S.K.: 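Structure provided below as structure tokens; questions to follow.
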Amino acid sequence: MLHIYCGNDTIQVREKAFAHVQQAEVGGVRVHRVDAENFVSGMLADALGAVSLFGEAELYLLDIPSTNKDFAAEVKEALPAMAESSNQFVVIEGALLAADKKPYQKHASEFEELKAAAGERFNTFAMADALARKDKKSLWLLLQQAKLSGIVEEEIIGTLWWQLKALRLAAKTSSAAEAGMKDFPYNKAKRALSKFKDGEVNSLAQSLLMVYHDGHNGTREIDLALEKWCLTI
């Protein structure tokens with residue numbers, strides 16, 4: 001079964017795809033994520049023939065194949081087989097040209113294209129959510145979208161700092177009341193802590209603070225330093 005989520009609304013595309021994946025995980029499906037960094041030639045052929053030793057269903061999240069020429073070619077060649085497979089394949093892509101959409105539309109059981117509304121203000125809190133998931137690829141892509149929307153680095157850093165502060169408070173307390181937070185953001189931060197190693201949140205907070213101060217002191221270019229920071233989470 002093949003599901004496609006694409007479009008220039010990076011936030012909605014990834015939110016829709018991850019919601020699908022999370023729902024599958026709740027149902028007991030085993031999830032594998034493949035992106036340009038960990039892709040190896042022949043990986044999809046192995047996935048198409050994979051049968052779990054424990055009998056659980058398998059889902060393969062293919063994250064922006066177009067960023068790797070070999071990855072993209074293998075995905076396009078495997079589309080008919082993915083559509084017929086008993087395993088699930090979820091593809092995340094950016095904006096696609098008409099010629100690139102056609103093969104996906106032909107074989108997908110679900111094809112969803114999400115377009116950003118013209119003039120709509122970028123929601124920086126989507127970056128906070130990506131940080132909480134430790135999803136550095138989403139965070140980096142959202143950073144590019146934020147900058148294209150005219151949002152300055154100081155505002156972006158402020159949003160990321162707010163998320164790290166919430167995580168630090170959640171780590172040190174046992175209730176929202178003790179942390180001085182609302183229940184929803186507190187519980188969300190508490191769940192997100194499972195993705196971070198001991199001391200990692202504090203380390204990220206310190207390094208983000210250095211990005212801000214170094215940028216204002218002229219020691220580093222703040223935009224480049226912030227990009228590098230996003231790729232370290």
Side-chain angles (χ1 to χ4, degrees), residues 5-22 25 31-39 61-68 71 90-95 114 116 120-171 184-185 188-197 199-215 220-233:
Y5 299 92
C6 64
N8 67 351
D9 191 334
T10 310
I11 300 170
Q12 286 295 318
V13 167
R14 300 187 81 81
E15 284 184 351
K16 290 270 188 176
F18 283 116
H20 179 105
V21 171
Q22 287 167 1
E25 283 184 305
V31 174
H32 311 268
R33 183 171 176 178
V34 183
D35 60 19
E37 294 179 5
N38 67 4
F39 171 76
L61 175 62
L62 310 180
D63 200 340
I64 317 186
S66 60
T67 56
N68 179 309
F71 188 13
V90 176
V91 178
I92 294 176
E93 267 298 353
L114 298 137
E120 185 176 334
R121 176 172 166 78
F122 179 83
N123 177 14
T124 56
F125 285 98
M127 300 182 71
D129 288 340
L131 172 57
R133 295 195 307 267
K134 283 198 73 175
D135 183 355
K136 65 181 177 182
K137 175 170 283 186
S138 292
L139 182 56
W140 187 86
L141 289 169
L142 290 166
L143 174 60
Q144 308 312 310
Q145 191 171 339
K147 291 196 292 186
L148 287 172
S149 299
I151 297 175
V152 297
E153 284 78 7
E154 288 81 0
E155 181 178 346
I156 295 168
I157 289 172
T159 301
L160 298 174
W161 179 262
W162 169 85
Q163 180 65 83
L164 291 169
K165 180 181 177 182
L167 291 167
R168 292 169 76 183
L169 284 170
F184 179 76
K188 191 174 181 179
K190 204 74 170 176
R191 290 192 300 269
L193 284 171
S194 64
K195 297 183 180 295
F196 295 85
K197 299 175 183 177
E200 190 175 8
V201 172
N202 284 336
S203 177
L204 286 170
Q206 290 172 4
S207 59
L208 182 61
L209 191 60
M210 287 182 65
V211 168
Y212 178 84
H213 286 305
D214 287 352
R220 288 189 284 176
E221 293 288 341
I222 193 169
D223 56 338
L224 295 178
L226 183 55
E227 283 195 28
K228 289 180 179 178
W229 185 90
C230 289
L231 293 171
T232 64
I233 69 167

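Everything numeric here is computed off the predicted structure, so don't read it as measured data.
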S.K.: Taking the side chain as every heavy atom from C-beta outward, state whether Val13 and Asn8 have any atom pair closer than 4.5 Å.
M.R.: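 SC-SC contact between Val13 and Asn8 ruled out.
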S.K.: Step by step, work out the side chain to side chain contact (heavy atoms under 4.5 Å, CB included) result for Val211 and Glu153.
M.R.: CA-CA 10 Å; Val211 168; Glu153 284 78 7; over 6 Å; no
S.K.: Are any of the side-chain nitrogens in Arg33 or Asp135 under 4.0 Å away from the carboxylate oxygens of its partner?
M.R.: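 Here Arg33 pairs with Asp135 in a salt bridge, since their nearest N and O are under 4.0 Å apart.
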S.K.: So does Ser66 get a backbone contact from the side chain of Glu93, meaning a donor-acceptor N/O pair under 3.5 Å?
M.R.: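 Between the backbone of Ser66 and the side chain of Glu93 there is a qualifying donor-acceptor contact (under 3.5 Å).
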S.K.: To the nearest 0.5 Å, how far apart are CG in Leu169 and CG in Leu164?
M.R.: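 Rounded to the nearest 0.5 Å, the CG-CG separation comes out at 11.0 Å.
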S.K.: What are the two closest heavy atoms between Ala130 and Ile233, and how far apart are they?
M.R.: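 Heavy atoms only, the tightest pair is O-CD1, 4.4 Å.
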S.K.: Can you list everything that forms a ring pair (Phe, Tyr, Trp, His ring centres under 6.0 Å) with Trp161? Sequence neighbours excluded, please.
M.R.: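 Here no residue qualifies.
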S.K.: Could you tell me which non-hydrogen atom of Ile156 sits nearest to which non-hydrogen atom of Ala146, and how far apart they are?
M.R.: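 Closest approach of Ile156 to Ala146: CD1-CB, 3.9 Å.
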S.K.: State the OH-CD distance between Tyr5 and Gln12, to the nearest 0.5 angstrom.
M.R.: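 With rounding to 0.5 Å, OH (Tyr5) is 12.0 Å from CD (Gln12).
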S.K.: Please examine the side chains of His32 and Leu61, heavy atoms only from C-beta on, and report whether any two atoms are closer than 4.5 Å.
M.R.: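 Result no, sub-4.5 Å side-chain heavy-atom pair not found.
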S.K.: Keeping the roles fixed (side chain from Lys190, backbone from Ala170), state whether a donor-acceptor pair exists under 3.5 Å.
M.R.: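 Yes: the side chain of Lys190 pairs with the backbone of Ala170.
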S.K.: Considering residues at least two apart in sequence or located in another chain, which fulfil the side chain to side chain donor-acceptor pair (under 3.5 Å) criterion with Lys147?
M.R.: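 Partners of Lys147 under the side chain to side chain donor-acceptor pair (under 3.5 Å) test: Glu227.
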S.K.: Indicate the atoms forming the closest heavy-atom contact of Ala192 with Leu167, along with that distance.
M.R.: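 Smallest heavy-atom distance, with atoms named: CB-CD2, 3.8 Å.
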S.K.: Has Asp35 got a side-chain atom pairing as donor or acceptor with Asn38's backbone, closer than 3.5 angstrom?
M.R.: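 Side chain of Asp35 to backbone of Asn38, a donor-acceptor pair under 3.5 Å: yes, one is there.
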S.K.: Around atom CD of Glu154, are there more than 12 heavy atoms of other residues, nucleotides or ligands at under 6.0 Å?
M.R.: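 Count over threshold, so yes.
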S.K.: How long is the gap from OG1 on Thr124 to CD1 on Ile151, to the nearest 0.5 Å?
M.R.: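 Here the rounded value is 5.5 Å.
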S.K.: State, with a plain yes or no, whether a side-chain heavy atom of Leu141 is found less than 4.5 Å away from one of Arg14.
M.R.: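 Yes, their side chains come closer than 4.5 Å.
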S.K.: Indicate yes or no: at least one non-hydrogen side-chain atom of Leu193 is less than 4.5 angstrom from one of Val201.
M.R.: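 Side chain of Leu193 against side chain of Val201, heavy atoms only: contact under 4.5 Å found.
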S.K.: Leu160 versus Trp229: any side-chain heavy-atom pair under 4.5 Å?
M.R.: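 Counting from C-beta outward, Leu160 and Trp229 do come under 4.5 Å.
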S.K.: If you compare all heavy atoms of Ala128 against all heavy atoms of Trp162, which two are closest, and at what distance to 0.1 Å?
M.R.: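 Distance-wise, the nearest heavy atoms are CB-CZ3, 4.1 Å.
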S.K.: Quick one, Leu208 with Ile157, criterion side chain to side chain contact (heavy atoms under 4.5 Å, CB included). Give me CA distance, side-chain angles, the key distance, then yes/no.
M.R.: CA-CA 7 Å; Leu208 182 61; Ile157 289 172; 4.0 Å; yes
S.K.: Go through the structure and list residues passing side chain to side chain donor-acceptor pair (under 3.5 Å) with Asp214, not counting sequence neighbours.
M.R.: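 With neighbours one apart ignored, the set is Arg220.
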S.K.: If you count the non-hydrogen atoms of other residues, nucleotides and ligands that lie under 6.0 Å from NZ in Lys16, is the total more than 12?
M.R.: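 It does not: Lys16 NZ has 12 such atoms or fewer within range.
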S.K.: Do you know the tightest heavy-atom contact between Ala166 and Ala189?
M.R.: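 Residues Ala166 and Ala189, closest heavy atoms: O-CB, 3.8 Å.
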S.K.: Is Phe18 atom CZ crowded by more than 12 heavy atoms from other residues, nucleotides or ligands, each under 6.0 Å away?
M.R.: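 More than 12 heavy atoms, drawn from other residues, nucleotides or ligands, come within 6.0 Å of this atom.
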S.K.: Main chain of Gly199, side chain of Asn202: is a donor-acceptor contact present, judged purely on distance under 3.5 Å?
M.R.: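 No, the answer is negative, given that no donor and acceptor are paired below the 3.5 Å cut-off.
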S.K.: Met127 and Leu139: which non-hydrogen atoms are nearest, and at how many Å?
M.R.: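 Shortest heavy-atom contact: O-CD1, 3.6 Å.
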S.K.: Flag the pair Lys137 and Glu37 as a salt bridge only when some basic side-chain nitrogen lies within less than 4.0 angstrom of an acidic carboxylate oxygen.
M.R.: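 Looking at Lys137 and Glu37, the cut-off is not met.
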S.K.: Hey, could you give me the NZ/CG distance between Lys195 and Leu131, rounded to the nearest 0.5 Å?
M.R.: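 If we round to the nearest 0.5 Å, Lys195:NZ and Leu131:CG are 12.0 Å apart.
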S.K.: Atom NE2 of His20 and atom CD of Glu15: how far apart are they, to the nearest 0.5 Å?
M.R.: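 One finds 16.0 Å between NE2 of His20 and CD of Glu15.
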S.K.: Is it the case that over 12 heavy atoms from other parts of the model lie below 6.0 angstrom from the NZ atom of Lys134?
M.R.: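 For Lys134, atom NZ is crowded (more than 12 foreign heavy atoms under 6.0 Å).
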S.K.: When rounded to the nearest 0.5 angstrom, what distance separates CG in Leu209 from CG in Leu204?
M.R.: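 Spacing of CG (Leu209) from CG (Leu204) equals 12.5 Å.
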